[in-house]
Each structure stands twice: as C-alpha cells, then as structure tokens.
Amino acid sequence: MDSRRKKAPDADRRNAGTLVDAQTAIERLGIKMQTLYAYVSRGWVRAVPAVGGKGNLYYVEDLDALAARGRGRSMAGAGAERMIRWGGNAVMQTSITAIGPEGPRYRGKPAAELVHHHRAFEDCTELLWNGMLPDTSAVWQPARPGAGFEALAQGIAQVARRNHSRRLLSVAVEAYAASLGRNPELTLGAPVLAARQLIQAMSAATGLLTATPSYALDDAPQSIAQILAANLRVGDSPQNLRLLDAALILSADNELAPATFAARIAASAGADLFSCVTTALGAFEGMLTGLGCEQAESALVQASSCDAYLDHLKNLLARKSPVPGYGHPLYPDGDPRATLLLDLVREVGPAGKRGEMALQGVDHACNEWGLKPNLPLALAVLSAVLDAPVGASGALMSVGRAAGWVAHALEQRLAGFLVRPRARYIGPS
C-alpha cells in the first residue's frame, strides 16, 4: 500500500503541465477532432497556443481525467443496461405479489387458494388494493359514465371489427374517462371508486368482440364475472361464473411484467388511474401476455381438427420457432396458473366441439412432446370451452390484470419517486 501511495503523486507530477498536440489528444481519448473542440468549449480540457502559433496544445492531466470519467460512466451504463434486461439483477420493491413455484401470492395469499375457495374477483381486487381479504364479497355500485359517453361508445363499436381486444379496451377506458371530464379520478371521489368503475367499463367493453359489437353499461349491480358473461354472451351459469372468476384472479398480477412496469412509470409521473391502465394496455403486447393469448387462441381457432393443431405445433418445433401458449421463464417446471385453470375447465363437464378439440390438442401436446402450457393458452382453451368470441382470452387477461396495474400504480404513488432510468449515449459525437 505504501508503494502505491508514493507512485500516484509521482505520476501526477509527471503529467501535471504536460502538453500534447491535437492529434495525440484525440488518439488518447479515441474521439474525433470536433469532439475535442467541444470538450475545450465546455471547459473540460484546457488548451494553450502552440509555440509558433500553429494550433493548440492540450493538458494531459485533463485528458486523462476525462478518459477515466468516460470509462467509469460507460461501464456503469453498460452494467445498468444489463440489469434492466430480462434476467438481470435490477429489482423494484413491492408488497403486492411474490412469484414462486406454486404461482403468484397476492399480499402473501396464494392466488390458487383464492380460486380453490371460490372467491370472487372483487375479493381479489380488495386484497390487491387494500391489503385485506373481505369476509363477504362487496357489491360494487354500477358505473355511471358522464355526458356524451353513448356517442363515444357507438363510435368505438363502428371500428370494433378492425381492431384487436387490447386497443378496443384501451379506447373504451379512455372514452369512459373522457365522459367524466378533465380529472375523472377526482370526479369519482376516490382512487378505489375510480378503479372499480374502470374495471366495470373494461368488462362491458368485451361486447365489442362479438359478431354485433356493442359497448353499453348496465344500470343494475352486477359482479364482474356477470358483466363479462353477459357481454361475451357465454351464459351466466354458476359454473361459467366460477371459471370467469378463476381466470380473472389468476390473471390479476404476475409481479413486474412489462405492462405493469409501464403502469408504474405512468403513476410515478402523476398520471391518473385511467391513464395508467391505458398505458399498460399499450405495453400488453408480449408473447406471455396479450399477444400470447391472441396467438395461442388463433392456433386453436384456425385448426380444423386436433391433428391439424398438432401438425401446426410440430412445424413450429421443427423450425425452432416459438410455440405460442407453451413455456414461461418464471415457471420452468410449468405454469401452475395454467394447470389449475385447465383442471377447472375439465371439471365443468362436456364441452362443445370447439372446446373438446382445444382440450384434446393441448393434452396431446403435453403428453407427447412434454410441452408445458402457460396461462395465455389456458385462457384460450377456456374461451373455446365457453364458445366465447375470438379475442376473449386476451380481453379476460386484460380485465384481470387491470386489478394488478391499479395496485402497482397506487403503490408507486406512495413510493413518491419518478421512475426514470438514464440513457447511455452511443451515437455519433
């Protein structure tokens, strides 16, 4: 240690007052001449006229200090970039959801347990938002849109067939918020009341997926499962309502997925809950989320038979292409949410032709090739068994996940900081 202490001052003395020409300076830093001039103009590098007036000379100590600072920033930036990628070490503290081999736990309670105990989706939302599981299910007051909502809803219905479920739900939420005025969350009086109406509006908007698209709100108090059953036109038998509640609960949150992170970013910037949810819907495009539901559902819908479905999967496997509906990096041994939901679907009893084909295809893929279904595929199978319109699986996941997006937005507000990573510029100087 003593020898190092002696050498450092000696090195500093050798560099102090040492001057080099411009060519040496840019080679020392690995930059262009224009960048060197910019450094001088900013006061980062001192320059003195060369003897004879031909050009300038530059202090080596300034160049070395700038090089050290640049290397430190570059290494720190690269490390941060690696951390925020999937599988990195960047974490954000949360008390909402933990992921384990058994699936998500909401506020310490397993999501699977809520399903096994026949809990309503509304109970799950109270747990996520308030941290308490109610003794009895709350009955939400019907959503009350503002003036002009009907005209907006009719306009959305006219373009429904040309859009996918995520965009339709996003536009529907914004239309509902717009009818309430400039500050919809304040108009409704409390964040939780706003969140309840938001989810009711999303659920009613699933009617846009049907053969005769519609977006209308009912004046009578209904559970979210009942609103979905009515608008998807799948029947409100107790078995169907239980399946819908289970699908929503299992979809409610899965830790810091990209769309959830987007909702937190929006919340940290001061956005209201409606904007947080529409921001999340815009990011709900991954293979394991909205787009994954759509692709898994499409593969089942387009197959004319179980064999045709298996041939499609076989071709994807042969090309080493992603197989929609199977695998999840958080659940390498299999997605327990999918296993539970598929088991519930089988318990319901005989399904129609579309549902039977979907169940047989998934069973063959699991038994013959060892593929592990994920939640998007289970939602697609559920939609087939219920004979719901195309796009229903992604819509169900979106409605369920909205509960988690609201929970994370509320938590981010309490955290009180802006989520704003820095960028590492690598473009031209």
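The first residue of the sequence shown is numbered 1, and numbering continues consecutively from there.
Here the side chain of Glu297 pairs a donor or acceptor atom with the backbone of Gly391 at under 3.5 angstrom. Not one N or O on the side chain of Ser298 forms a donor-acceptor pair closer than 3.5 Å with the backbone of Gln295. Between the side chain of Trp129 and the backbone N or O of Ala403, at least one donor-acceptor pair lies under 3.5 Å. In this structure a side-chain-to-backbone donor-acceptor pair under 3.5 Å is missing from Asn130 to Met132. Using a distance-only test at 3.5 Å, with no hydrogens or angles considered, no donor-acceptor pair links the side chain of Asp236 to the main chain of Gln226. Side-chain atoms of His117 do not come within 3.5 Å of backbone N or O of Arg119 as any donor-acceptor pair. Not one N or O on the side chain of Thr206 forms a donor-acceptor pair closer than 3.5 Å with the backbone of Met202. Of the possible donor and acceptor atoms, one in the side chain of Thr279 sits under 3.5 Å from a partner among the backbone N and O of Ser275. Under the 3.5 Å distance criterion, the side-chain polar atoms of Ser268 are matched with a main-chain donor or acceptor of Ile265. No donor-acceptor pair under 3.5 Å is formed between the side chain of Asp335 and the backbone N or O of Tyr331.
The shortest heavy-atom contact between Ala338 and Pro373 is CB-O, 3.5 Å. Here the shortest heavy-atom pairing between Asn240 and Val234 reads ND2-O, 2.9 Å. Residue Val399 comes nearest to Ser203 through the heavy atom pair CG1-OG, 3.5 Å, listed as atom of the first residue, atom of the second, then distance. Nearest heavy-atom pair across Ala225 and Leu244 is O-CD1, 3.5 Å. Residues Leu273 and Ala409 share a closest heavy-atom pair of CD2-CB, 3.9 Å. Nearest heavy-atom pair across His364 and Cys306 is ND1-SG, 4.1 Å.
Atom-to-atom distance recorded for Tyr176:OH and Leu198:CG is 9.0 Å, nearest 0.5 angstrom. Between the CZ atom in Arg144 and the CZ atom in Phe149 there is a gap of 12.5 Å [rounded to 0.5 Å]. Atom CG in Leu396 sits 8.0 Å away from atom CG in Leu386 (nearest 0.5 Å). Separation of atoms CZ (Arg354) and CG (Leu300) is listed at 8.5 Å; rounding is to 0.5 Å. Here CD1 of Ile199 is found 10.5 Å from CG of Leu228. Values are rounded to the nearest 0.5 Å. Once rounded to the nearest 0.5 Å, the distance linking CG of Leu208 with CZ of Arg161 reads 11.5 Å.
Taking a cutoff of 4.0 Å between a charged side-chain nitrogen and a carboxylate oxygen, Asp343 and Arg346 qualify as a salt bridge. Salt bridge annotation for Glu126-Arg196: present, with a cationic side-chain nitrogen under 4.0 angstrom from a carboxylate oxygen. A salt bridge does not link Asp333 to Lys372: none of the charged nitrogens lies less than 4.0 Å from a carboxylate oxygen.
In this structure Thr35 satisfies the side-chain contact (heavy atoms from CB on, under 4.5 Å) test together with Ile31, Lys32, Tyr39, Ser429, sequence neighbours excluded.
Side-chain contact check for Pro142 versus Leu217: every heavy-atom pair is 4.5 Å or farther apart. For the pair Tyr215/Leu152, no side-chain contact is recorded, criterion being any heavy-atom separation below 4.5 Å from C-beta on. Side-chain contact between Cys124 and Leu248: absent, with no pair of heavy atoms (C-beta onward) separated by less than 4.5 Å. Side chains of Arg233 and Thr212 form a contact here, defined as non-hydrogen atoms less than 4.5 Å apart. Residues Asn183 and Asp272 have side chains not in contact (no heavy-atom distance under 4.5 Å, counting atoms from C-beta outward). Using a 4.5 Å heavy-atom cutoff, the side chains of Val171 and Leu168 are not in contact. Looking only at side-chain heavy atoms (C-beta outward), Leu281 and Ser398 come within less than 4.5 Å of each other. The shortest distance between side-chain heavy atoms of Pro389 and Thr210 falls below 4.5 Å.
With Thr94 as the fixed residue, the side chain to side chain donor-acceptor pair (under 3.5 Å) test singles out one of Glu411, Gln412, Glu255: Glu411.
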Legend entry - Intermediate values then yes/no, side-chain contact (heavy atoms from CB on, under 4.5 Å), Leu241 and Phe121: CA-CA 10 Å; Leu241 295 180; Phe121 175 59; over 6 Å; no
Inset, instruction - Any chance you could lay out the side-chain contact (heavy atoms from CB on, under 4.5 Å) test for Leu359 and Val385, step after step, and finish with the verdict? - result: CA-CA 8 Å; Leu359 285 168; Val385 169; 4.2 Å; yes
Inset, instruction - Decide yes or no on side-chain contact (heavy atoms from CB on, under 4.5 Å) for Asp64 and Glu61, but give the supporting numbers first. - result: CA-CA 5 Å; Asp64 288 348; Glu61 61 184 315; 5.8 Å; no
Review item, side-chain donor-acceptor pairs of residues 97-116, under 3.5 Å, at least two apart:
from   : atom 1 : to     : atom 2 : distance (Å)
Thr97  : OG1    : Asp253 : OD2    : 2.5
Arg105 : NE     : Gly108 : O      : 3.4
Arg105 : NH2    : Gly108 : O      : 2.7
Tyr106 : OH     : Ile249 : O      : 2.7
Tyr106 : OH     : Asp253 : N      : 3.4
Tyr106 : OH     : Asp253 : O      : 3.4
Arg107 : NE     : Leu127 : O      : 3.4
Arg107 : NE     : Leu128 : O      : 3.2
Arg107 : NH1    : Ser95  : O      : 3.3
Arg107 : NH1    : Ser95  : OG     : 3.1
Arg107 : NH2    : Leu128 : O      : 2.6

Would you give me the side-chain donor-acceptor pairs under 3.5 Å for residues 310-324, sequence neighbours excluded?
from   : atom 1 : to     : atom 2 : distance (Å)
Asn315 : ND2    : Asp311 : O      : 3.3

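Environment of CG in Leu418: crowded, with over 12 heavy atoms of neighbouring residues, nucleotides or ligands closer than 6.0 Å. By the neighbour-count criterion of 12 heavy atoms within 6.0 Å, atom NE2 of His164 is densely surrounded, having more than that number from other residues, nucleotides or ligands.
Using cut-offs of 30° and 60° for the angle between ring planes, the Phe284 and Trp405 rings count as perpendicular.
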